[in-house]
Undergrad: 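Below is a structure I'd like to ask you about.
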Amino acid sequence: FCTRGSSAPEGAKQGSRACARPATGHRGTAPRGLASWVPVVGLEIHVQISSNSKLFSGSQVQFAAPPNSLVSFFDASLPGTLPVLNRRCVEAAVMTGLALNCSINKKSLFDRKHYFYADLPAGYQITQQRVPIAVNGSLSYSLCIDNKMSQMVTKTVRIKQIQLEQDSGKSLHDDARSQTLVDLNRAGVGLMEVVTEPDMCCGEEAAAAVRELQLILQTLGSSQAIMAEGQLRVDANVSVHHPGEPYGVRTEVKNINSVRFLAKAVDYEIQRQIEELENGGTILNETRSFDSKLGCTIPMRDKEGKQDYRFMPEPNLPPLILYDAKSLPVNMNHQQVVNIDWIRERLPDLPSVKRAKLVELYGILPEHSFTLLNEDGLAEYFENVIKQTQMKPKKVIGWILNDLLSYLKQHALTVKDSPVSSFLLADLLNLLERREISSSAAKQVLEELWKGEGKTPLKIVKEKKLELIQDQKELEQICQSVMAIKVGNQKVLNKLIGLVQRATRGRSNPVLVKQILEKKLSE
Amino acid sequence: MLKGYISPYNATVVQKLLDQGAVLLGKTNLDEFAMGSGSTDGIFGPVRNPWSYSRQYKEKTPPKSSSENEESDWVITGGSSGGSAAAVSSFTCFVALGSDTGGSTRNPAAHCGVVGLKPTYGLISRHGLIPLVNSMDVPGILTRCVDDAAVVLGSLAGHDPKDATTIQDTFKPFELPNLIDVRKLCIGIPKEYHAPGLSSEILALWSKAADLFKDAGAKVIEVSLPHTRYSIVCYHVLCTAEVASNMARFDGLEYGHRADMNKSTESMYAATRREGFNDVVRGRILSGNYFLLKQNYENYFIKAQKVRRLIANDFVKVFGSGVDILLTPTTLSDAVPYMEFIKEDNRTRSAQDDILTQAANMAGLPAISIPTALSKRGLPVGLQFIGHSFQEKQLLTVAKWFEKQVKFPMIQLEEVKRHDCSVFQHQKSVSFL
């Protein structure tokens, strides 16, 4: 369990802590003595498990349902109700543990963590404090150096453990009427708490790690991991110290609602701590809330003093026993058993594997593979286009990343909602590949396609008369007329080609045009 | 706290009985939240032992002076499931359900002259049983004869998907044989159950019972359960810790009593819990929270768990050495008058009265109290049999044999006599089908 203390854990690896980017102040200027501070960042990530029903009861899991419509007797803590473990949640935790290279504990235990709060009906949360389901894993993620997508660096953060636990309900504080409204829909939903070791050193690393975790979870299907819907919640633990000295006092930063804000919150807190210490102050071991509007962290007054959670084993749940191929008893009912090896065999390709495959298969750059996987459905779209076109993947990728993606971003569309299907795009690229149109014409066609009127590229080409002019004579005439305007030296050649292109609205075959102009100029 | 609370669902045991055609006559009184050994600390008042009004008791215990004193002479039922025991004892019903965490079913059964069965932990579903100590609670069965208990057990036992602590194996209901060969049995007499405060009457009865088995050819030996004397303190730590945890849900927010306090959530919680719990419950919650504090957890809770393991191992060793059934007293004495009982507080009484029944809950073993004879005050005394885990059939078989031998007298209630006497002669058992 996460130790809260001001000294470094025994034998902690100081390791390669060199940050991708040095921690700079808000204004971008390095404060005095910056180089001597080592920031330490660890994360506690609560992941909502994607399942039909809750962790210990049969009520449904659904986002944004009418308040208190998904609450079973157990969720409301009615006396006499008992928890019954949801198999799907266990499988999700095992999948996630395996994907993060953890050892899966074949025997794990459940505990009660007691505190009083309106959104915790039973007065305790069922969690795994003594022996969680998975421990000692790692998460690899990549960062690009210096903002260019050209150099990527792989980093690893160690995963301390993954534990299963219940989510709480939601309280909405109505200060106007001094009342609190409690919605228990979320109470009892299954969570995996992923605890990292403090191996990161800045906001960017934290953000990249979380982003990669999101992709992994979405690939596994164990969680949809959408931060905006509360399916992934991150708390950051931040401290700073001088190299060679013990770890500093850490603060916990909560209320971070997006990956972007995570980076900001962590960087702000690092900076705040450095400034505080440099001014002779001290850091309190406290919980702070990130205010996204102001871009800073403020102390939370909720926690008065240290809480003693009075942990106790959950007596209504026997130890969770998982099996593998070796230990599986022969006559066990398949329904009653979770087999780790069975799950391992069925793990899908993780993002890192998928990216490597894309690079190998299609010869695209690693940073391209990142972008492809970062957009939901984009990799699939790309591969569909490849299938339907003769154009080389290295060329297709440009159209996907530059044209398609930027358009989608501009209009805040997902790949799924793209008015241009992979079929249409492939069609267009084929026209280009066959040299029936030029690339600038293709861009014009694409603009038309965005309107989503259902016209094929060929139709648009015909309508707008964008066919490549291949005819020698026709081009000669045009060149002649253009040249009549501008007669000059070799340097102008390119300008002339440009003019011809403009005159023909991109339809002229540039190779031919160049030949003709050169010939004319030399005459 | 739960006054007026109507549960929106049926407990599994209740539903099973209803599914079998049982007719629900009503709910019975008990100590609040099953904490107590007298059934005197409930919000509806104390429960009176029907034997207080029996001819047997009145004959042996003449009233002090005026007629008014008849009221003050009444004796307790024991507890905490005293209301259920009283209901069965007074012919109000054929069977009643109770709970047994430290002896709460067997204790009143002994005092009220009825059969009280504590099944093996995990045999009967606890879904719908308001928990006291989750790791020790079981639903208890109270009947007038062992055959009835077997019938009820047959319809209640078995895996319940709603209770993860019930056994997975399928349970086969059984009928008890009328004749058994006692010579094959080995009866163990644990010497530590000769506890301080055990009345000489009960000691003699216990001895007589042992002789009964011996004379019938059974092997009767003295055995030792050396950690018995630690069970009460161990129980106090574990019980209060679980109580503190289980009672955390009673905050007035979702159901039950809610105090009129509006200032803040915390103040509402505090007022609700102060108003809704009696001081016995509050005392246990405070103790339990103390034991669960980080600085105390190792020394109290973990230690108690270890002692619990030792207590359970005592039984494992004895049963593993060839003993089939243990024979012990159920209570230290017969039922005391209410006025005397309340002279000591609930905690003291519980500590005294639980000593003979508690260990079976620690070890999760099945145990049954059989009405054996009347004391010199004319009140029932029961003896207890403790069996192997999940060996209820053997336990009840031996109990039935014993029941046949002792021929415990029927309660003679004047009020009841007004009805046809013969009806009651034959109505000792439900299994006349």
Side-chain angles (χ1 to χ4, degrees), chain A residues 56-58 68 71-86 110-126 129-130 169 171 173 177-182 184 187 304 306-320 332-333 335-336, chain B residues 1-2 5 7-12 14 33 122 125-131 133-137 160-168 238 241-242 244-251 253-256 262-266 268-270 273 288-297 301-302 305:
Chain A
F56 295 117
S57 70
N68 292 314
V71 185
S72 69
F73 296 142
F74 173 77
D75 302 330
S77 78
L78 292 197
T81 53
L82 300 168
V84 180
L85 185 55
N86 179 338
F110 290 101
D111 304 287
R112 293 186 182 179
K113 177 180 181 181
H114 300 87
Y115 61 94
F116 284 102
Y117 205 70
D119 63 18
L120 196 67
Y124 60 84
Q125 176 202 36
I126 302 179
Q129 188 244 359
R130 289 168 293 157
S171 353
H173 300 287
R177 294 191 200 86
S178 55
Q179 61 180 4
T180 301
L181 304 167
V182 181
L184 296 179
E304 309 273 345
K306 295 253 166 85
Q307 274 264 35
D308 190 327
Y309 291 113
R310 290 161 282 128
F311 285 98
M312 184 185 95
E314 169 57 68
N316 291 319
L317 292 169
L320 175 59
M332 231 355 169
N333 181 0
Q335 295 279 36
Q336 289 295 321
Chain B
M1 181 67 76
L2 292 177
Y5 169 78
S7 172
Y9 71 99
N10 283 338
T12 299
V14 171
F33 281 113
S125 171
R126 288 183 299 115
H127 171 72
L129 174 65
I130 300 180
V133 184
N134 286 289
S135 59
M136 297 184 206
D137 294 344
D160 182 7
K162 296 195 187 113
D163 178 351
T165 58
T166 52
I167 41 152
Q168 304 277 344
L238 296 178
E242 288 219 29
S245 179
N246 291 330
M247 298 297 152
R249 66 185 57 206
F250 295 109
D251 52 24
L253 207 56
E254 298 87 12
Y255 50 82
N262 267 331
K263 291 209 184 78
S264 69
T265 315
E266 283 80 12
M268 192 268 275
Y269 276 25
R273 289 162 72 80
N289 277 325
Y290 176 78
F291 296 135
L292 290 177
L293 290 176
K294 220 191 282 188
Q295 69 252 35
N296 293 329
Y297 185 73
F301 190 86
I302 297 285
Q305 292 276 49

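FYI, side chains are in, hydrogens and waters are out, and symmetry mates aren't considered; it's all heavy atoms of this structure. Note on naming: letters A, B, ... go to the chains in the order of the sequence lines (proteins, then strands), and numbering restarts at 1 for each one.
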Undergrad: Kindly write out the residues that satisfy ring-ring contact (aromatic ring centres under 6.0 Å, His included) with B/Y9, not counting sequence neighbours, or none if the list is empty.
TA: A/F73, B/H127
Undergrad: At a heavy-atom separation under 4.5 Å, does B/T265 approach chain A through its side chain, its backbone, both, or neither?
TA: side chain
Undergrad: Select one option (side chain, backbone, both, neither) describing which atoms of B/N246 are under 4.5 Å from chain A's heavy atoms.
TA: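 For B/N246, the contact with chain A is made by backbone and side chain together.
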Undergrad: Name the member of B/N289, B/N262, B/L2 that forms the most heavy-atom pairs with chain A at distances under 4.5 Å.
TA: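 Looking at each of B/N289, B/N262, B/L2 in turn, B/N289 comes out on top.
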Undergrad: Hey, mind stepping through B/Q295 and A/D308 against side-chain contact (heavy atoms from CB on, under 4.5 Å) and telling me if it holds?
TA: CA-CA 10 Å; B/Q295 69 252 35; A/D308 190 327; 4.2 Å; yes
Undergrad: Search all heavy atoms of B/D251 against all heavy atoms of A/P121 and return the closest pair with its distance.
TA: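 That would be OD2-O, 3.8 Å.
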Undergrad: Quick check: do A/L78 and B/Y5 have side-chain heavy atoms less than 4.5 Å from each other?
TA: yes
Undergrad: Would you name the heavy atoms of A/P318 and B/A164 that are closest together and state the gap between them?
TA: CG-O, 3.5 Å
Undergrad: To the nearest 0.5 Å, what is the distance between CZ (B/F301) and CZ (A/F311)?
TA: 13.5 Å
Undergrad: Tell me, please, which residues at least two apart from A/E314 pass side-chain hydrogen bond (donor to acceptor under 3.5 Å, both in side chains).
TA: A/R112, A/N316
Undergrad: Heavy-atom pairs under 4.5 Å with chain B - which of A/A122, A/P79, A/G123, A/A76 has more of them than the others?
TA: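 Among A/A122, A/P79, A/G123, A/A76, the one with the most close pairs to chain B is A/P79.
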Undergrad: Mind checking the OG1-CG spacing from A/T81 to B/D163? Nearest 0.5 Å is all I need.
TA: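 Result: 11.0 Å between the selected atoms.
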Undergrad: Under a 4.5 Å heavy-atom cut-off, does chain A meet the side chain of B/F291, its backbone, both or neither?
TA: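 Nothing of B/F291, per the 4.5 Å heavy-atom cut-off to chain A.
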Undergrad: Does any backbone or side-chain atom of B/N296 lie under 4.5 Å from a heavy atom of chain A? Answer side chain, backbone, both or neither.
TA: neither
Undergrad: Considering only heavy atoms, which portion of B/E242 lies under 4.5 Å from any heavy atom of chain A: side chain, backbone, both, or neither?
TA: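 When you check distances to chain A, atoms from both the backbone and side chain of B/E242 fall under 4.5 Å.
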Undergrad: Please evaluate residues B/K162 and A/L82 with respect to the criterion side-chain contact (heavy atoms from CB on, under 4.5 Å), reporting the C-alpha separation (whole Å), side-chain torsions for both, the decisive distance (0.1 Å), and the verdict.
TA: CA-CA 7 Å; B/K162 296 195 187 113; A/L82 300 168; over 6 Å; no
Undergrad: Go through the atoms of A/S77 and report whether side chain, backbone, both or neither lie under 4.5 Å from a heavy atom of chain B.
TA: both
Undergrad: Under 3.5 Å, is there a donor on one side chain and an acceptor on the other for A/Y124 and B/R249?
TA: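 Yes, a side-chain donor-acceptor pair sits under 3.5 Å.
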Undergrad: Which pair of heavy atoms, one from A/V84 and one from B/P161, lies closest together, and at what distance?
TA: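 The pair with the smallest heavy-atom distance is CG2-O, 3.2 Å.
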Undergrad: Can you say whether B/I130 sits under 4.5 Å from chain A via the side chain, the backbone, both, or neither, judging by heavy atoms?
TA: both
Undergrad: Does any backbone or side-chain atom of A/P83 lie under 4.5 Å from a heavy atom of chain B? Answer side chain, backbone, both or neither.
TA: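 Backbone only.
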